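Before any comments, here is the structure.
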Protein chains: 2
Amino acid sequence: MRRSTGFFPTQKEAPREAQIISHQLMLRAGLVDQHCSGIYTWLPLGVRVLKNIETIVRQEQDKIGAQEILMPTIQSADLWKESGRFDAYGDEMLRIQDRHGRDLLYTPTAEEVVADIARKHLKSYRDLPALVYQIHWKFRDEIRPRFGVMRGREFLMKDGYSIDRDEASARASYKKMMTAYVRTFRRLGLTAVPARADTGPIGGDLSHEFLIVAQTGESELFYEERLEGLMANNEDGKDDVDVDDILNIYAATDEIHDPKTCPIPAEKLKVARGIEVGHIFYFGTKYSEALNVNLAGQDNKNIIPHMGSYGIGVSRIVAAIIEASHDDRGIIWPESVAPYKIGLINIRVKDKACSKVCDELYNDFQNAGIDVIYDDRDERPGTKFADMDLMGIPYQISIGPRSLEKGTVEFKNRKTGATEELTLAEVTTRIKKRFVT
Amino acid sequence: MRRSTGFFPTQKEAPREAQIISHQLMLRAGLVDQHCSGIYTWLPLGVRVLKNIETIVRQEQDKIGAQEILMPTIQSADLWKESGRFDAYGDEMLRIQDRHGRDLLYTPTAEEVVADIARKHLKSYRDLPALVYQIHWKFRDEIRPRFGVMRGREFLMKDGYSIDRDEASARASYKKMMTAYVRTFRRLGLTAVPARADTGPIGGDLSHEFLIVAQTGESELFYEERLEGLMANNEDGKDDVDVDDILNIYAATDEIHDPKTCPIPAEKLKVARGIEVGHIFYFGTKYSEALNVNLAGQDNKNIIPHMGSYGIGVSRIVAAIIEASHDDRGIIWPESVAPYKIGLINIRVKDKACSKVCDELYNDFQNAGIDVIYDDRDERPGTKFADMDLMGIPYQISIGPRSLEKGTVEFKNRKTGATEELTLAEVTTRIKKRFVT
């Protein structure tokens with residue numbers, strides 16, 4: 001995309017109310033625009049990041065055989081009254097009446113709808129296990145929305161649901177989903193710690209939160225450091241996951257960590273703050289019982305299926321990545337989620353020879369299907385360099401009349417800050433080798 | 001996907017309340033499940049169709065340089081009070097109060113939010129033209145929802161918006177978007193007629209509806225038949241669009257067609273019923289004036305930008321395609337939107353040799369990235385044939401012990417009904433040639 005014709009509203013200063021760095025940078029880089037308290041419009045650069053995250057999440061869900069569905073954002077209160085959560089959920093649930101005075105709500109999660117679909121469409125144990133997910137918008141009417149999309153009201157979530165014939169099968173689904181989560185966070189360039197957690201209002205007896213270690217995290221986290229090695233991205237692209245191994249290592253949120261009973265000596269325990277980016281639950285028959293989900297069993301006895309639910313905060317991850325990966329110049333996107341892989345800077349657009357070279361390189365990359373943002377505006381070079389760094393573009397190519405005289409361009413790695421002088425042929429070959437599959 | 005492990009709830013009978021064929025077939029084929037009046041859950045098969053349509057719509061928007069954004073589904077009433085539409089919209093707008101008693105609404109369209117973003121982030125005429133779109137959920141509280149997703153309450157829409165410095169530039173954006181629409185509908189396998197239409201509550205003086213000719217259409221439509229040729233899909237994949245040519249041909253909805261003033265003699269006029277799948281508007285400065293969008297002009301005078309908005313009913317198109325393309329056995333998907341391109345039927349799963357051949361073919365297709373649904377259930381062949389036709393899978397391969405003895409498989413074209421006996425090698429080559437790029 002050409003910067004001159006695209007809509008990329010960057011700002012030098014963040015508004016004062018943006019307290020944390022991710023919120024400041026998301027506003028400054030033009031990822032989002034605040035619509036009202038806790039509600040944001042995602043601008044072009046933000047949508048590209050969001051879609052990249054969505055794609056990785058989707059691919060890893062598909063890989064474990066989960067099937068994508070889409071449940072309504074506006075749901076009838078009837079099912080929620082059946083489960084008892086219409087009253088239990090409290091003020092965070094956005095309650096609505098339609099023109100006929102019927103109670104509706106904006107979905108904060110969807111266990112009831114999944115149980116309802118199960119009772120309508122699943123007939124017998126042979127239809128199990130069933131594993132579905134959606135990537136869809138949710139609403140929680142936070143009393144004090146803050147920290148931008150980190151704690152907003154309308155947010156994008158992947159919520160998955162497993163339906164199994166018994167506890168053993170449900171635990172197997174839980175582990176399968178955990179495997180997908182480890183792979184997902186690795187591909188997102190994040191080291192997420194899976195910590196035993198309280199099940200909260202969802203219920204159940206088995207639950208893990210996935211947390212990104214960051215100073216601005218809202219939760220306190222206790223874990224054995226070697227867990228990080230298992231969760232982190234393997235540079236060589238291996239996607240081995242040994243969930244049993246991971247589950248054997250101590251990690252817990254402050255809600256359930258108790259120094260008195262913790263089996264790990266304090267000196268071996270890492271204490272950190274974490275940002276919750278995923279939460280998974282096994283809650284047995286809580287919702288299938290409440291909603292009377294009865295399937296034919298193998299031995300003519302009816303079975304009440306065991307369920308689990310599995311969330312990933314897709315829009316929150318945008319902020320979490322920034323909290324974990326930025327410097328004083330701006331965002332540093334991991335390649336996998338970067339809105340554009342390449343930033344091309346035309347240092348002097350009024351120089352015809354320079355613009356010709358830049359235009360040709362841009363067209364060449366475009367035709368090769370490489371995501372490139374091309375700053376062809378008539379602005380000072382300093383403004384352009386600053387904007388590319390602010391936006392976090394991983395690889396930046398700057399071309400000006402002076403370097404062209406030498407027959408070279410400047411190639412910069414946003415993450416390391418390293419710059420190289422390369423010929424046009426060298427830079428083209430390197431980029432295509434990396435990004436054309 | 002293997003049918004045995006997937007969630008594909010097909011039904012022999014449609015519920016009585018489903019009056020039109022698309023609604024019946026969407027329920028029977030397991031595309032959607034009714035959650036409550038006018039609100040549906042999209043099941044796995046339905047999501048795949050929806051995503052395919054979404055992808056085509058997105059690609060054609062991107063091709064004309066429109067940029068994707070995502071505006072909130074829950075919007076503050078403030079902007080809508082500024083434009084006067086909070087009162088004007090009536091009962092179709094779903095109105096909500098949050099926990100603090102602030103007025104919110106579920107977006108039925110988004111001209112106000114776009115104008116608000118424009119006044120906050122666009123500075124001068126140099127930032128124009130701006131062209132943005134989103135593919136996102138909307139809600140209209142229809143008094144009597146009916147016909148399934150055709151006239152539901154929650155629906156998926158592509159809504160695009162243009163912001164231009166003056167009328168001439170706005171009309172150019174309008175034509176650009178029209179070009180994208182022609183290409184989009186062609187790729188969806190639809191012949192959509194662009195008819196001059198009333199602007200309705202959006203306002204403005206230039207507007208076209210895109211309608212699919214179908215007996216169940218809610219609008220009456222008058223047009224010169226040669227328009228169909230210009231709009232229809234070119235088999236050779238050309239995407240030439242001459243908008244001026246199209247605009248010169250008479251087509252109008254009943255709202256504005258007047259036999260007395262119509263320039264085309266009655267005998268040359270085709271009268272048909274149509275399903276509205278798109279609607280585009282140029283409405284000048286209506287919203288930019290109401291919301292005080294002022295940009296710096298070229299000559300130091302401020303300009304009030306001219307705007308247009310451009311809708312495509314993405315979820316409605318699923319139903320419209322079915323209305324236009326089905327037979328008494330079920331849905332006939334155009335290849336471009338089919339949930340799976342290939343249906344593989346294992347006629348006798350208990351026959352080890354037969355299952356081995358089927359499994360291998362399935363794995364081969366999967367590895368080649370071909371979308372295939374594999375019916376490996378222990379069911380009667382008749383049930384499997386019926387389900388594949390109901391689901392509308394374009395190409396079906398049936399493999400049983402008897403055909404394998406002869407060294408062949410049955411290859412069926414869903415659309416023409418033609419079947420061929422082919423060797424395994426022939427069928428593999430043909431499919432890969434078509435679907436592996």
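This structure is a prediction, so every number in the text was calculated from the model and none was measured. Order of the sequence lines fixes the chain letters, A, B, ..., with proteins taken first and strands second; residue numbering starts at 1 for each chain.
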Dump the table of donor-acceptor contacts under 3.5 Å between chain B and chain A, or return none if there are none.
| from | atom 1 | to | atom 2 | distance (Å) |
| --- | --- | --- | --- | --- |
| B:F7 | N | A:Q67 | OE1 | 2.5 |
| B:D33 | OD1 | A:K120 | NZ | 3.1 |
| B:D33 | OD1 | A:H121 | NE2 | 2.8 |
| B:D33 | OD2 | A:K120 | NZ | 3.0 |
| B:Q34 | O | A:K120 | NZ | 3.0 |
| B:H35 | NE2 | A:S76 | N | 2.9 |
| B:W42 | N | A:L70 | O | 2.7 |
| B:W42 | O | A:L70 | N | 2.9 |
| B:Q67 | OE1 | A:F7 | N | 2.5 |
| B:L70 | N | A:W42 | O | 2.9 |
| B:L70 | O | A:W42 | N | 2.7 |
| B:T73 | N | A:E154 | OE1 | 3.3 |
| B:T73 | N | A:E154 | OE2 | 2.8 |
| B:T73 | OG1 | A:Y106 | OH | 2.7 |
| B:T73 | OG1 | A:E154 | OE1 | 3.1 |
| B:T73 | OG1 | A:E154 | OE2 | 3.1 |
| B:I74 | N | A:E154 | OE1 | 2.9 |
| B:S76 | N | A:H35 | NE2 | 2.9 |
| B:D98 | OD2 | A:R153 | NH1 | 2.9 |
| B:R99 | N | A:D141 | OD2 | 2.8 |
| B:R99 | NH1 | A:D141 | O | 2.7 |
| B:H100 | NE2 | A:I143 | O | 3.1 |
| B:Y106 | OH | A:T73 | OG1 | 2.7 |
| B:K120 | NZ | A:D33 | OD1 | 3.1 |
| B:K120 | NZ | A:D33 | OD2 | 3.0 |
| B:K120 | NZ | A:Q34 | O | 2.9 |
| B:H121 | NE2 | A:D33 | OD1 | 2.8 |
| B:D141 | O | A:R99 | NH1 | 2.6 |
| B:D141 | OD2 | A:R99 | N | 2.8 |
| B:I143 | O | A:H100 | NE2 | 3.1 |
| B:R153 | NH1 | A:D98 | OD2 | 2.9 |
| B:E154 | OE1 | A:T73 | N | 3.3 |
| B:E154 | OE1 | A:T73 | OG1 | 3.1 |
| B:E154 | OE1 | A:I74 | N | 2.9 |
| B:E154 | OE2 | A:T73 | N | 2.8 |
| B:E154 | OE2 | A:T73 | OG1 | 3.1 |

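Your options are A:G30, A:P44, A:P9, A:C36, and the one with the most heavy-atom pairs under 4.5 Å with chain B is A:P44. Among A:V47, A:L104, A:L70, the residue with the largest count of heavy-atom pairs under 4.5 Å with chain B is A:L70. Counting heavy-atom pairs closer than 4.5 Å to chain A, the top residue among B:A130, B:G46, B:G6 is B:G6. The choice from A:L45, A:I96, A:I143 that makes the most heavy-atom pairs within less than 4.5 Å of chain B is A:I143. Between chain A and the residues B:I74, B:L79, B:L94, B:V132, the most heavy-atom pairs under 4.5 angstrom are made by B:I74. Annotation: maximal heavy-atom pairing with chain B below 4.5 Å, among A:P72, A:P129, A:A66, occurs at A:P72.
With a 4.5 angstrom heavy-atom cutoff, B:F155 does not touch chain A via any of its atoms. When heavy atoms are compared at a cutoff of 4.5 Å, A:L131 does not approach chain B at all. With a threshold of 4.5 angstrom between heavy atoms, A:L128 does not approach chain B through any atom at all. A:M1 touches chain B through its side chain: at least one heavy atom from C-beta onward sits under 4.5 Å away, while N, CA, C and O do not. For A:V113, the part sitting under 4.5 Å from any heavy atom of chain B is the side chain, from C-beta outward, and nothing else.
Looking only at side-chain heavy atoms (C-beta outward), A:I117 and B:L43 come within less than 4.5 Å of each other.
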